[in-house]
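Side-chain atoms are counted along with the backbone in the values below, which use heavy atoms only and exclude waters and symmetry mates. Here the structure is a predicted model, which is why all the values come from computation and not from measurement. Labels below follow one simple rule: chain letters A, B, ... track the order of the sequence lines, proteins then strands, and each chain is numbered from 1.
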Amino acid sequence: MTARSPKDLSSIKGTQDILPKIVWKWQKAEETAKKIFELYGYKEIRTPVFEATELFEKGTGETSDIVIKEMYTFTDKAGRSLTLRPEYTPSVVRSIVENRLYLRPELMRYYFIGPMFRYDKPQKGRYRQFHQADIEVFGEKDPEVDAEIVEMARTLLSKLGIQDIDILVNSVGCQKCRPSYHKKLKQAAKTHREHLCEDCQRKINTNPLRIFDCKKDECRSAAAEFPKITEFLCPECKNHFDRFCELLDFYRIPYQVEPKLVRGLDYYTKTTFEVISSKLGAQDAILGGGRYDDMMKDFGGPDICGIGFAMGMERLVSVMPDKKDSEKFLYIVHMGEKSKKVALELAKYFRDNGVECVLEYKERKLRKQMSRADKLNAAWSLVVGEEEIKKKKYQLKDMKTGNQIEVTKQEALKRMTS
RNA sequence: GUGAGCGUAGCUCAACUGGUUAGAGCACCGGAUUGUGGAUCCGGAGGUUGGGGGUUCGAGACCCCUCGCUCACCCCA
């Protein structure tokens with residue numbers, strides 16, 4: 001660690017401070033996301049950061065890596081097992097079932113922005129506390145919704161000026177077609193066993209789909225021969241996927257079909273997709289999601305299908321362009337006690353009228369104060385000295401051009417707000 | 001969780017095969033310039049060399065432990 005605090009109380013591994021210098025990017029990302037989501041009819045929903053551990057075991061899936069090894073689980077004073085949410089979808093589903101939201105006439109479109117917690121080994125783009133913007137749609141089984149979600153994601157990213165992205169799509173089938181595909185894939189992998197690396201030989205039994213992921217040439221050429229899930233989809237899933245792709249074409253969205261895109265969450269059915277950026281490292285997904293038609297039913301709720309995605313805010317912010325909308329503020333320069341009082345009054349006046357305004361509290365020379373105004377990147381400076389106080393006219397300087405004029409406070413306000 | 005690499009000032013980096021008081025640039029503070037910024041010059045402050053232990057006459061450097069960061073695996077956002 002570069003900086004340790006005096007008592008060696010540093011931030012917890014995998015967590016980080018979001019400092020003022022960068023926070024504008026977060027605000028911009030959050031504001032833009034909310035605006036776009038609401039344009040598509042989504043409403044914000046907020047649920048607690050911790051839930052019963054069982055919720056995630058059931059919702060996220062007992063065989064998922066998240067549940068097996070990445071949850072922040074603790075026991076409260078009453079002996080209940082609680083877990084800091086590692087993802088958002090199960091909470092939303094819980095809330096819908098608990099509040100009977102499916103009995104209301106409103107659209108079941110929800111969005112949310114907040115922190116998530118996973119006990120992972122931190123690295124670039126991966127943290128133990130991280131933030132997601134999530135959206136979920138319930139009760140819409142048509143592929144139009146799948147395509148609309150991808151289209152919305154793309155619109156959002158382009159609004160934020162994010163370049164160099166790729167959209168990957170796939171279908172993982174349903175309970176009907178997936179098992180038979182798995183069987184075929186394992187068979188194919190076994191017959192190519194001798195061409196595969198050690199790692200991939202192990203994957204044959206644990207997670208054959210991951211063989212597609214291997215970067216070694218031998219495995220890649222072997223995997224090219226493997227059957228693809230898109231060839232094994234049942235008629236319903238195939239039709240859904242075909243229409244989904246057609247609609248992406250309709251929106252003129254470039255995409256790649258990636259059979260390897262299986263995602264680590266157990267609950268996905270049919271559509272899965274990811275948006276990746278070449279500017280990120282090994283963790284290159286800015287957002288990812290898919291359809292989960294069985295989750296609500298599995299929860300003991302009604303048989304309502306769902307689809308959504310989660311966007312990683314840290315990753316998003318790290319690929320956002322650096323150019324910041326210039327904020328404009330006034331730096332008031334004063335000299336001596338009397339002048340300081342007048343400066344305080346003027347500051348109050350400008351702030352009340354919507355002009356961001358700062359001034360120096362230390363006794364500093366005029367020259368120093370001007371220098372501070374420059375370093376802080378003030379748009380204007382206003383000099384308040386003996387002469388000015390007598391005349392009730394102050395020196396307003398445009399720091400960009402260096403032009404200075406003598407004005408009353410009303411005139412100054414007018415100049416700065418026009 | 002596994003494997004590898006790296007931790008020196010706020011930032012970017014120096015310091016020979018172990019050798020005196022750990023240096024420089026940028027940034028910060030002050031002065032040159034008592035009412036006008038950006039440039040220049042001069043000065044100042046800033047470090048338990050991530051932390052702890054060991055080897056040695058002597059450790060920023062070597063060894064062990066620990067914490068953190070980075071990369072890859074795994075997996076995900």
Side-chain angles (χ1 to χ4, degrees), chain A residues 1-6 8-16 19 21 60 64-70 86-89 113-134 153 197-200 202-203 206-207 209-210 213-216 261-265 272 274-277 280-289 308-319 331 333-336 339 362 364-378 380-388 394-404:
Chain A
M1 197 67 223
T2 46
R4 307 287 289 193
S5 60
D8 214 354
L9 294 172
S10 50
S11 60
I12 301 303
K13 180 175 182 163
T15 70
Q16 55 181 354
L19 299 175
K21 193 169 181 185
T60 307
S64 68
D65 274 32
I66 290 176
V67 171
I68 292 168
K69 54 186 191 186
E70 294 173 7
E87 61 145 348
Y88 198 58
T89 311
I113 301 175
M116 303 289 161
F117 307 86
R118 288 184 204 171
Y119 197 88
D120 233 339
K121 185 161 174 177
Q123 59 183 68
K124 197 180 194 75
R126 196 168 75 185
Y127 307 97
R128 289 184 172 178
Q129 179 180 156
F130 62 101
H131 298 77
Q132 287 187 333
D134 288 66
C197 71
E198 219 175 292
D199 250 7
C200 288
R202 193 165 28 81
K203 289 181 199 166
T206 57
N207 198 345
L209 282 158
R210 287 278 160 204
D213 259 339
C214 191
K215 279 141 196 137
K216 295 196 178 70
L261 187 62
V262 293
R263 310 193 47 77
L265 301 168
T272 59
E274 248 175 36
V275 179
I276 60 169
S277 165
L280 293 166
Q283 269 65 49
D284 62 356
I286 300 175
L287 65 89
F309 68 71
M311 180 167 70
M313 298 299 286
E314 281 80 1
R315 293 181 190 175
L316 178 74
V317 162
S318 77
V319 297
Y331 187 102
V333 176
H334 58 84
M335 288 155 316
S339 157
K362 298 186 190 76
R364 276 184 153 136
K365 291 176 184 172
L366 173 63
R367 166 176 286 280
K368 281 292 161 195
Q369 295 188 64
M370 291 304 286
S371 176
R372 290 284 296 158
D374 182 51
K375 273 171 197 151
L376 295 174
N377 209 12
W380 308 276
S381 62
L382 189 80
V383 176
V384 182
E386 301 264 333
E387 291 301 308
E388 286 82 359
Y394 314 94
Q395 304 295 333
L396 179 69
K397 185 171 192 172
D398 183 321
M399 297 299 285
K400 278 258 150 46
T401 63
N403 295 335
Q404 184 168 295

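Annotation for A:Glu314 and A:Gln16: closest pair CG-NE2, 3.6 Å, computed over non-hydrogen atoms. The minimum heavy-atom distance linking A:Gly125 with A:Arg315 is given by the pair O-NE, 2.7 Å. Taking every heavy atom of both residues into account, A:Glu388 and A:Val383 meet most closely at CG-O, 3.5 Å. Nearest heavy-atom pair across A:Pro86 and A:Phe130 is O-CZ, 4.1 Å. Contact detail for A:Tyr88 and A:Gln132: the closest heavy-atom pair is N-OE1, 4.4 Å. Nearest heavy atom pair, residue A:Arg128 against residue A:Asp120, reads NE-O, 2.8 Å.
As judged by a 4.0 angstrom heavy-atom cut-off over every strand, A:Glu386 is placed among the base-contacting residues. Backbone-only contact: A:Ile286 has heavy atoms under 4.0 Å from sugar-phosphate atoms and none from a base. Among the protein residues, A:Gly14 comes within range of the sugar-phosphate backbone only, with heavy atoms under 4.0 Å from sugar or phosphate atoms but none that close to a base. Residue A:Lys375 is classed as a sugar-phosphate contact, given heavy-atom separations below 4.0 Å to backbone atoms only. When heavy atoms are screened at a 4.0 angstrom cut-off, A:Ala373 is found touching no nucleic acid atom at all. At the heavy-atom level, A:Glu387 lies under 4.0 Å from base atoms of the strands shown. Residue A:Gln129 is out of contact with every strand shown, counting any heavy-atom pair closer than 4.0 Å. Using a 4.0 Å heavy-atom criterion, one finds that A:Tyr127 contacts the bases of the nucleic acid, with or without backbone contacts as well.
Closest to the A:Arg364 side chain, of the nucleotides B:C71, B:C29, B:G37, is B:C29. Nearest nucleotide to the A:Ala282 side chain, out of B:C73, B:C69, B:G37: B:C73. Comparing B:A77, B:C74, B:G37 against the side chain of A:Gln123 picks out B:C74 as the nearest. Taking only side-chain atoms of A:Lys368, from C-beta outward, the nucleotide of B:C74, B:G31, B:U33 with the closest atom is B:G31. Checking B:G37, B:C74, B:A77 against every side-chain atom of A:Met399, the shortest atom distance belongs to B:G37. In this structure, the nucleotide among B:C74, B:A72, B:G37 sitting nearest to the side chain of A:Asp65 is B:C74.
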Could you go through A:Glu386 and A:Met335, starting from their C-alpha distance and side-chain angles, then the distance that decides it, and tell me whether this counts as side-chain contact (heavy atoms from CB on, under 4.5 Å)?
CA-CA 8 Å; A:Glu386 301 264 333; A:Met335 288 155 316; over 6 Å; no
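Between A:Arg126 atom CZ and B:U70 atom P the separation is 11 Å, expressed in whole Å. Nucleotide B:G1 holds its P atom 7 Å from the CZ atom of A:Arg128, rounded to whole Å. The CZ atom of A:Arg118 sits 17 Å away from the P atom of B:C74 (whole-angstrom rounding). A:Gln283 places its CD atom 11 Å from the P atom of B:A77, with the value rounded to the nearest Å. Atom pair A:Trp380:CH2 and B:G38:C1' shows a separation of 19 Å (rounding to whole Å applied). Between the P atom of B:C75 and the CG atom of A:Asp284 lies a distance of 14 Å, rounded to the nearest Å. If you take CG of A:Asp374 and C1' of B:A39, they are 11 Å apart, rounded to a whole angstrom. In this structure, A:Glu87 atom CD and B:C75 atom P are separated by 17 Å, rounded to whole Å.
A donor and an acceptor atom sit less than 3.5 Å apart, one in the side chain of A:Lys121 and one in the base of B:U2. At a cut-off of 3.5 angstrom, the base of B:G37 holds no donor-acceptor pair with the side chain of A:Gln404. Judged by atom type and distance alone, A:Glu70 does not reach the base of B:C75 through any side-chain donor-acceptor pair under 3.5 Å. Below the 3.5 angstrom threshold, one finds no donor paired with an acceptor across the side chain of A:Arg372 and the base of B:C29. For A:Arg367 and B:U36, a side-chain-to-base donor-acceptor distance below 3.5 Å is absent, hydrogens and geometry of angles not being considered.
Each of A:Tyr119 and A:Val384 lies near RNA chain B, and the nucleotide nearest A:Tyr119 is the one positioned closer to the 5' end. Each of A:Arg315 and A:Glu388 has a nearest nucleotide on RNA chain B; the 5'-most of these lies closest to A:Glu388.
Of the nucleotides present, none pairs with B:A39 by Watson-Crick or G-U wobble criteria with both distances under 3.5 Å. When both distances must be under 3.5 Å, the Watson-Crick or G-U wobble mate of B:G58 does not exist. Nucleotide B:G68 has B:C6 as its partner under the Watson-Crick or G-U criteria, with both atom distances under 3.5 Å. The base-pairing partner of B:A15, taking Watson-Crick or G-U wobble contacts with both distances under 3.5 Å, does not exist among the strands shown. With a cut-off of 3.5 Å on both Watson-Crick or G-U wobble distances, the partner of B:G47 is given as none. Base-pair partner of B:A22: not found among the strands shown (Watson-Crick or G-U wobble, both distances under 3.5 Å). In this entry B:U33 has no Watson-Crick or G-U wobble partner, no candidate having both defining distances under 3.5 Å.
Taking 4.0 angstrom as the limit, A:Lys13 places a side-chain polar atom (N or O) nearer than this to OP1 or OP2 of B:G68. Note on A:Lys365: a side-chain N or O is less than 4.0 Å away from OP1 or OP2 of B:A32.
Using atom P as the reference point in both B:A24 and B:C65, the two lie 36 Å apart (nearest Å). B:U20 sits 14 Å from B:A15 when the P atoms are compared, rounded to a whole Å. Using P as the reference atom, B:G18 and B:C74 are 40 Å apart when rounded to the nearest Å. Comparing the P positions of B:A72 and B:U56 gives a spacing of 42 Å, expressed to the nearest Å. Distance noted for atom C1' between B:G44 and B:A59: 31 Å (whole Å). Across the P atoms, B:U66 and B:U2 are found 12 Å apart, a figure rounded to whole Å. Using atom P as the reference point in both B:G3 and B:A77, the two lie 26 Å apart (nearest Å). Remark: the separation of the C1' atoms in B:G30 and B:G23 is 23 Å, to the nearest Å.
Remark: side-chain polar atoms of A:Thr15 are not paired, donor with acceptor, to backbone N or O of A:Gln129 under 3.5 angstrom.
Annotation: the span from A:Tyr394 atom OH to A:His334 atom NE2 amounts to 14.0 Å, rounded to 0.5 Å.
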